[in-house]
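Okay, structure first, notes after.
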Amino acid sequence: MTRPVFFVSDGTGITAETLGTTLLTQFDSVEFKKTTLPFINTVDKARSTVEYIDFLAKTGPRPMVFSTTVNEEVRAILRTSSALFTDLFDTYIHAIENELGQESSHASGQAHGLRDRRRYDARIAAMNFAMEHDDGQSTRDLAKAQVILVAPSRCGKTPTMLYLALQHGIFATNFPITEDDLEQQKLPKSLEGLADRCFGFTSDPERLHQVRTERRPGSKYASLAQCSYELREAERLYQRHNIPYVSTATRSIEEIAAVVIQEKQLER
């Protein structure tokens, strides 16, 4: 049966969800129904949460709770539930306090709040830059780009660019590699002199065929032959211009972004 899992926090719940989900990926034979409960920051909210979890425990498999609740009174109530309760702060904070010889601030919302205004503003600036320059629609201030993602259509350029901007504050943009570019084995004209900032994407022909078919079924653009040709010639173009590249066919956006950051040694 599906095991219910709750990510509970007195903040956004992003940390609990991220850490908890990472642990659960090690159990791929189990099906989990995941629910995030953010801003459980009062005694009343904690009691209501426990009542709901206990109700589920009576009618199905024992729930699991991953908590990043800083308030000790709230956490004590949550711990009384019938679920397997794992508080991720409890696991690590005490050891770090002992190591540093001081108590933690016990302040909620530190990881995803506005504590570092400068970092937040940098991420917003990077996001604005990314949206303006998506798919080569603008070349204004292109020299500010830390990395330029290049690839044939539907290889994952835009999602990765946005992730780099929002998550890491990296000034990224992307340009499509067209059939004319492939025939001439040249980068888009706007990227002359910027090959050292480029990073290429490729894919699996079958996967690209599937993705393009969802967009334009029955077209030459989506045909397996066209996809195979574009990917083959794109790799040849990357090699000719000494552009590092990676296949996005079986990688998540997070994995692709990590490869780009590592390969290009980008400063976050």
Side-chain angles (χ1 to χ4, degrees), residues 1-100 102-116 119-120 123 159-160 162-169 250-259 261 268:
M1 296 179 67
T2 302
R3 178 67 70 97
V5 176
F6 293 90
F7 306 111
V8 182
S9 175
D10 48 12
T12 62
I14 295 173
T15 301
E17 185 176 343
T18 301
L19 294 176
T21 298
T22 300
L23 294 171
L24 294 178
T25 58
Q26 301 302 308
F27 303 93
D28 52 11
S29 63
V30 181
E31 185 176 348
F32 299 103
K33 181 181 180 181
K34 303 171 186 175
T35 303
T36 300
L37 300 177
F39 306 115
I40 307 301
N41 49 16
T42 68
V43 168
D44 288 341
K45 289 181 180 179
R47 286 174 178 156
S48 296
T49 299
V50 169
E51 287 177 7
Y52 178 58
I53 291 172
D54 286 350
F55 170 77
L56 290 181
K58 293 177 182 178
T59 58
R62 185 187 185 194
M64 301 171 66
V65 173
F66 292 94
S67 166
T68 52
T69 308
V70 175
N71 185 292
E72 292 185 3
E73 189 176 8
V74 169
R75 190 164 66 245
I77 294 171
L78 293 173
R79 194 178 279 111
T80 66
S81 74
S82 301
L84 171 67
F85 182 84
T86 303
D87 188 88
L88 300 167
F89 280 1
D90 265 352
T91 304
Y92 302 110
I93 286 292
H94 295 310
I96 297 174
E97 286 177 335
N98 291 335
E99 178 66 24
L100 298 178
Q102 66 178 63
E103 291 188 358
S104 64
S105 63
H106 286 73
S108 63
Q110 297 290 75
H112 301 284
L114 281 178
R115 186 182 183 189
D116 189 342
R119 182 174 183 271
Y120 176 80
R123 288 166 62 197
T160 305
L162 294 175
Y163 181 85
L164 287 168
L166 182 60
Q167 187 69 19
H168 299 293
T250 60
R251 288 181 167 90
S252 67
I253 293 173
E254 293 86 351
E255 289 177 298
I256 299 166
V259 172
I261 291 170
R268 308 186 194 195

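Just the heavy atoms: all of them, side chains too, but no hydrogens, waters or symmetry mates, feed the values below.
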Once rounded to the nearest 0.5 Å, what's the spacing between atom [atom1] of [X] and atom [atom2] of [Y]?
X	Y	atom1	atom2	result
Thr35	Glu17	OG1	CD	10.0 Å
Ile261	Ile256	CD1	CD1	12.0 Å
Ile53	Leu84	CD1	CG	11.0 Å
Leu24	Thr22	CG	OG1	8.5 Å
Lys45	Ile40	NZ	CD1	6.5 Å
Asn98	Glu103	CG	CD	10.0 Å

| field | More than 12 heavy atoms from other groups under 6.0 Å of CZ on Phe32 | value |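 Buried by this count: over 12 neighbours within 6.0 Å.
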
| message | Tell me whether Gln167 at atom CD has more than 12 heavy atoms from other residues, nucleotides or ligands lying less than 6.0 Å away. | response |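 Yes, because the 6.0 Å sphere around CD of Gln167 holds more than 12 heavy atoms from other groups.
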
Which pair of heavy atoms, one from [X] and one from [Y], lies closest together, and at what distance?
X	Y	value
Thr68	Asp10	O-OD1, 3.6 Å
Val259	Arg251	CG2-NE, 4.4 Å
Ser9	Gly11	OG-N, 2.9 Å
Val74	Ala46	CG1-CB, 3.8 Å
Gly13	Pro38	N-CB, 4.4 Å
Asp87	Arg75	OD1-CD, 2.9 Å

| Listed partners of Ser252 passing side-chain contact (heavy atoms from CB on, under 4.5 Å), at least two apart |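 Result, side-chain contact (heavy atoms from CB on, under 4.5 Å) vs Ser252: Glu254, Glu255.
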
| query | Only one of Val43, Val50, Thr49 clears side-chain contact (heavy atoms from CB on, under 4.5 Å) with Arg47; which? | reply |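 Among Val43, Val50, Thr49, the one that satisfies the side-chain contact (heavy atoms from CB on, under 4.5 Å) with Arg47 is Val43.
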
| Among Thr18, Leu19, Thr69, the one residue meeting side-chain contact (heavy atoms from CB on, under 4.5 Å) with Leu88 |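 With Leu88 as partner, Thr18, Leu19, Thr69 yield a single side-chain contact (heavy atoms from CB on, under 4.5 Å), made by Leu19.
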
| said: Tell me whether Thr80 contacts the main-chain N or O of Ile77 through its side chain, where contact means a donor paired with an acceptor under 3.5 Å. | reply: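 Checking the backbone N and O of Ile77 against the side chain of Thr80, a donor-acceptor pair under 3.5 Å is found.
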
| query | Side chain of Asn71, backbone of Asn41: donor and acceptor closer than 3.5 Å? | reply |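 Not a single qualifying donor-acceptor pair exists.
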
Looking at side-chain heavy atoms only, is the closest gap between [X] and [Y] below 4.5 Å?
X	Y	answer
Thr21	Phe7	yes
Phe6	Leu78	no
His168	Tyr163	yes

| said: I'd like to check the salt bridge (Lys or Arg N to Asp or Glu O under 4.0 Å) partners of Arg79; sequence neighbours left out, ordered by chain and number. | reply: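 By the salt bridge (Lys or Arg N to Asp or Glu O under 4.0 Å) rule, Arg79 matches Asp90.
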
| query | Among all residues two or more places apart in sequence or in another chain, which pass the side-chain hydrogen bond (donor to acceptor under 3.5 Å, both in side chains) test with Ser81? | reply |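 Once residues adjacent in sequence are excluded, Ser81 has no partner under the side-chain hydrogen bond (donor to acceptor under 3.5 Å, both in side chains) criterion.
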
